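Here is the naming used below: chain letters follow the sequence lines, and residue numbers restart at 1 for every chain. Computed from a predicted model, the values in this text were never measured in an experiment.
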Number of protein chains: 2
Amino acid sequence: MAEKTKLWYLQNFNMLEGMSPKMMMELAENTSMQNNSKKEIIYFPEDASNTIYFLKTGKIKIYRLSEDGKTTTLQLLGPGEIFGESAILGQDTHDNIAEVVEDAVVCAMDKRDFQDLMEKSPKLTMSVNKFIGWRLRKIQAHVEDLVFKNASQRITSFLHRYVETFGKKMVDGWMVRPFLTHQEIADLTATARQTVNQVLNELAERDVIKFSRRFLQLKGDLDQLET
Amino acid sequence: MAEKTKLWYLQNFNMLEGMSPKMMMELAENTSMQNNSKKEIIYFPEDASNTIYFLKTGKIKIYRLSEDGKTTTLQLLGPGEIFGESAILGQDTHDNIAEVVEDAVVCAMDKRDFQDLMEKSPKLTMSVNKFIGWRLRKIQAHVEDLVFKNASQRITSFLHRYVETFGKKMVDGWMVRPFLTHQEIADLTATARQTVNQVLNELAERDVIKFSRRFLQLKGDLDQLET
DNA sequence: GGTTGACTGTCATTTTGCAGACATGTTCGT
DNA sequence: ACGAACATGTCTGCAAAATGACAGTCAACC
């Protein structure tokens with residue numbers, strides 16, 4: 001495959017910013033690409049974690065199941081994010097599930113290759129550390145939300161983050177498309193489907209948002225979605 | 001100070017296992033020791049994170065406050081654990097509070113020194129990654145507990161972990177001393193003080209445990225503390 | 001050794017949001 | 001164009017636990 005195309009794999013990843021072109025080439029050389037469509041599972045818990053993934057386009061969710069079949073989503077990832085990082089954190093199996101939420105292009109790299117590169121480049125190591133730290137903060141904030149906020153606050157502030165991350169700014173507010181199902185939002189916020197529905201309709205009532213299955217529109221400013 | 005004493009600083013840290021003696025000397029050289037007594041704060045959020053800490057003896061809790069003064073404890077750390085790791089994860093401030101729960105000996109090392117050593121030793125880097133991965137798993141399990149378990153299950157399984165980690169095995173069960181206050185347990189399990197009291201008394205009723213302010217005794221096997 | 005402050009034990013009260021049930025609406029495949 | 005599968009809207013009851021209030025206990029420190 002043409003080198004240019006290979007390099008394209010690795011564009012738009014914050015984590016790799018500032019790496020030397022030579023390094024990037026080497027990385028790209030070891031990377032392969034796959035197309036995954038909605039509902040495909042990338043890995044299960046107990047699967048060997050030999051691979052680290054770069055999400056080029058689409059959305060992936062990382063979630064967990066309880067014994068009695070309930071679901072909670074730990075993270076919703078968009079373009080530019082990395083997942084399956086347990087591979088480079090010295091763990092040989094995954095402990096959660098990665099599933100495609102929205103058709104995705106994923107770049108995969110063997111953990112050994114990546115670790116070799118890390119040994120050669122302290123700069124890469126630093127970037128990885130930074131990324132992990134950022135991930136750690138995010139999940140701590142998640143805990144904080146679960147403990148301090150009630151159901152509807154969790155839903156509202158999730159919407160805030162969601163619109164901020166995935167939305168497009170318009171003259172009169174924000175637009176996100178496509179949107180998630182109520183059940184998906186419930187799993188992300190540790191609430192019940194019915195509660196999500198209720199809160200969403202309340203917000204629509206107050207004319208803060210407008211939504212349907214395929215889009216969500218925020219009228220006006222992001223900070224209406226507070227508390 | 002005598003080199004032997006310096007080296008003592010760094011014994012019993014899983015993370016440092018398998019490091020070369022030379023490396024250990026270098027690490028020890030850059031380490032200083034401090035005694036901290038109960039209720040002392042080691043760092044606050046927004047404090048610059050220039051230091052990484054090794055907990056030699058005692059207990060430290062890492063916690064967060066909400067705007068309206070509520071508390072939740074993210075982690076309770078015992079001898080052999082590391083904290084303040086955000087320093088090596090490329091973040092320049094802390095985002096939570098580290099407080100001494102039980103008189104502690106803490107070894108402190110400047111993050112720059114530590115990072116220099118990491119650059120020299122890929123082995124150390126690997127260990128650090130492993131440690132971070134482990135920390136990440138722990139907090140993900142915490143989230144899972146919060147979402148899937150109810151208050152009394154959280155309290156019981158916290159007791160399980162607590163006894164396992166800090167208790168001494170006896171002929172007829174386990175003993176932990178000193179014990180935590182009900183409020184501290186409440187903060188760790190995201191429950192109310194009164195609920196902790198209730199659950200504890202229930203367990204005592206069923207003759208599974210016996211406790212007072214200063215100790216907790218588990219009669220028989222750990223797996224009585226399940227679900 | 002008595003007073004102060006922290007911790008424990010136990011109520012009654014109130015709230016939140018989950019669960020179940022079911023109707024309606026939408027999408028997609030054939 | 002039809003029906004199955006999936007998604008949304010809405011109601012009702014219920015239960016877990018937080019909250020608030022207060023009495024009893026313990027320990028430490030003048």
Between [N] and [X], is there an OP1 or OP2 to side-chain N/O distance shorter than 4.0 Å?
| X | N | result |
| --- | --- | --- |
| A:Arg214 | C:dT27 | yes |
| A:Lys70 | C:dA19 | yes |
| A:Thr195 | C:dC18 | yes |
| A:Asn197 | D:dG9 | yes |

Which one of B:Arg177, B:Lys61, B:Lys59 satisfies the salt bridge (Lys or Arg N to Asp or Glu O under 4.0 Å) criterion with B:Glu102?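 Result: among B:Arg177, B:Lys61, B:Lys59, B:Lys59 is the only option passing the salt bridge (Lys or Arg N to Asp or Glu O under 4.0 Å) with B:Glu102.
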Does any donor-acceptor pair link the side chain of B:Arg193 with the base of C:dG9 at a separation under 3.5 Å?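 Between C:dG9 and B:Arg193, which were checked side chain against base, a qualifying N/O pair under 3.5 Å is present.
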5'-most contact on DNA chain C: B:Gln183 or A:Arg154, nearest heavy atom basis?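 Closest to the 5' end, via its nearest nucleotide, is B:Gln183.
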Distance in angstrom units between B:Gln198 CD and C:dG9 C1', rounded: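 Roughly 11 Å, once rounded to whole Å.
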Can you tell me if A:Gln224 uses its side chain to pair, donor with acceptor, with the backbone of A:Lys219 under 3.5 Å? yes
Counting distance only, does the side-chain N/O of A:Arg154 pair as donor-acceptor with the main-chain N or O of A:Ala190 below 3.5 Å?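 Pair found, side chain donor or acceptor close to backbone of A:Ala190.
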Measuring from the side chain of B:Ala192 (C-beta onward, heavy atoms only), which nucleotide among D:dA18, D:dG9, C:dC18 has the closest atom? D:dA18
Parallel, tilted or perpendicular: rings of A:Phe211 and A:Phe179 (30°, 60°):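 A:Phe179 vs A:Phe211 ring planes: tilted.
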